[in-house]
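Presented below is the structure to which this report refers.
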Amino acid sequence: MLTIKPATTADAPRTIATLVQAFERDPLMLYLFAHHPRGIPAGIETFFSILLRARIALDSPAEVLVEDGEIRGATMGNHTAPPAWPPALNKEWAAFEASVPEFRKRLEAYEAIYDAHQPDEIFYYLGVIGVHPSLQGKGAGKALLNSFCERSRADPKSRGVYLDTANAASLQFYYNNGFELRGEGSLDGAPLWCVYKRT
């Protein structure tokens, strides 16, 4: 049985391990961490660790999908007015950026595409949605996506959910779930699509 619950600090190690498996071949992760000195999985692990702990600390949207007591998927993102990160996490992020050659430059190229296609209304941003490979294509991703969209729907300030993907199969998944293309760009030849769904 699959259940979805808010992520906690205690969930972080298992959640990050699942996300590393879910994203180890993702084109965006391959692009961002192509020059990580310890390899792409190490970059993904640190990246998601900082992002998840920031979301939990700020009470921003972060949920995990649990199957038989095991964490098999997760989402994290921003609500309509994300607060500033705690200083300790900002310091950790700066050190991470500095430790990965090309990362800051590549992240800025990604953010430029994301920024260019944002909706002209207030929205929730779904920064990460990942499911363990064993559950992909079995409704787990749809359950997580619906839960995040419901958060947006329940917030009177939000008009929809915005996200991006560099994975063609994921793009079709979002289309199938009511998202529409807002724009696209290229990261060293790898496409990045930005999509939006009114909620």
Side-chain angles (χ1 to χ4, degrees), residues 1-26 28-29 32-33 36-100 103-104 107 110-111 114 123-136 139-155 157-158 161-165 170:
M1 180 178 177
L2 300 177
T3 59
I4 296 172
K5 70 179 189 72
T8 66
T9 301
D11 295 326
R14 293 182 298 154
T15 303
I16 294 157
T18 292
L19 289 174
V20 169
Q21 290 182 289
F23 283 91
E24 62 184 353
R25 293 181 180 87
D26 181 79
L28 180 57
M29 296 296 106
L32 289 176
F33 300 116
H36 193 285
R38 293 188 294 112
I40 290 167
I44 296 171
E45 181 178 12
T46 307
F47 181 69
F48 285 138
S49 173
I50 298 172
L51 291 181
L52 180 61
R53 286 182 285 121
R55 273 13 186 255
I56 292 171
L58 300 172
D59 196 28
S60 294
E63 293 185 321
V64 294
L65 181 142
V66 182
E67 180 191 42
D68 298 329
E70 295 296 325
I71 293 174
R72 296 298 187 188
T75 56
M76 53 177 137
N78 293 329
H79 45 62
T80 59
W85 281 21
L89 282 171
N90 271 329
K91 185 176 180 180
E92 186 177 349
W93 179 262
F96 173 58
E97 282 190 339
S99 73
V100 183
F103 175 64
R104 179 67 251 175
L107 187 64
Y110 156 74
E111 289 173 342
Y114 160 86
F123 58 87
Y124 272 44
Y125 172 60
L126 179 52
V128 176
I129 176 170
V131 173
H132 189 275
S134 66
L135 286 182
Q136 290 174 5
K142 182 177 179 64
L144 280 166
L145 182 63
N146 287 346
S147 181
F148 192 91
C149 288
E150 186 53 42
R151 280 177 170 259
S152 169
R153 192 175 297 112
D155 187 335
K157 295 179 182 178
S158 180
V161 171
Y162 180 56
L163 60 88
D164 52 74
T165 183
S170 295

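The aromatic rings of F103 and F47 sit perpendicular, their planes meeting at an angle over 60°, well past the 30° parallel limit. Using bins of under 30°, 30° to 60° and over 60° for the plane-to-plane angle, the ring pair W85/W93 lands in the perpendicular bin.
Side chain to side chain, N78 and Y162 fail the donor-acceptor criterion of an N or O pair below 3.5 Å. Side-chain contact of T8 with D11: a donor-acceptor pair under 3.5 Å is present, judged by distance alone.
Using modelled atom types, one side-chain atom of T18 and one backbone atom of R14 make a donor-acceptor pair closer than 3.5 Å. Checking side-chain atoms of S158 against main-chain N and O of A154 turns up no donor-acceptor pair under 3.5 Å.
In summary, E63 and R55 do not engage in a salt bridge, as defined by a charged side-chain N under 4.0 Å from a carboxylate O.
Considering only heavy atoms from C-beta on, H132 stays 4.5 Å or farther from E70 through its side chain. Under the 4.5 Å side-chain criterion, counting only non-hydrogen atoms from C-beta, S60 is not in contact with M76. Looking at heavy atoms from C-beta onward, I129 lies in side-chain contact with L145 at the 4.5 angstrom threshold. The shortest side-chain heavy-atom distance between L19 and I44 does not fall under the 4.5 Å cut-off.
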| What's the verdict on side chain to side chain contact (heavy atoms under 4.5 Å, CB included) for K5 and V64, showing C-alpha distance, side-chain angles and the deciding distance? | CA-CA 6 Å; K5 70 179 189 72; V64 294; 3.7 Å; yes
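Annotation for G43 and H36: closest pair CA-CD2, 3.3 Å, computed over non-hydrogen atoms.
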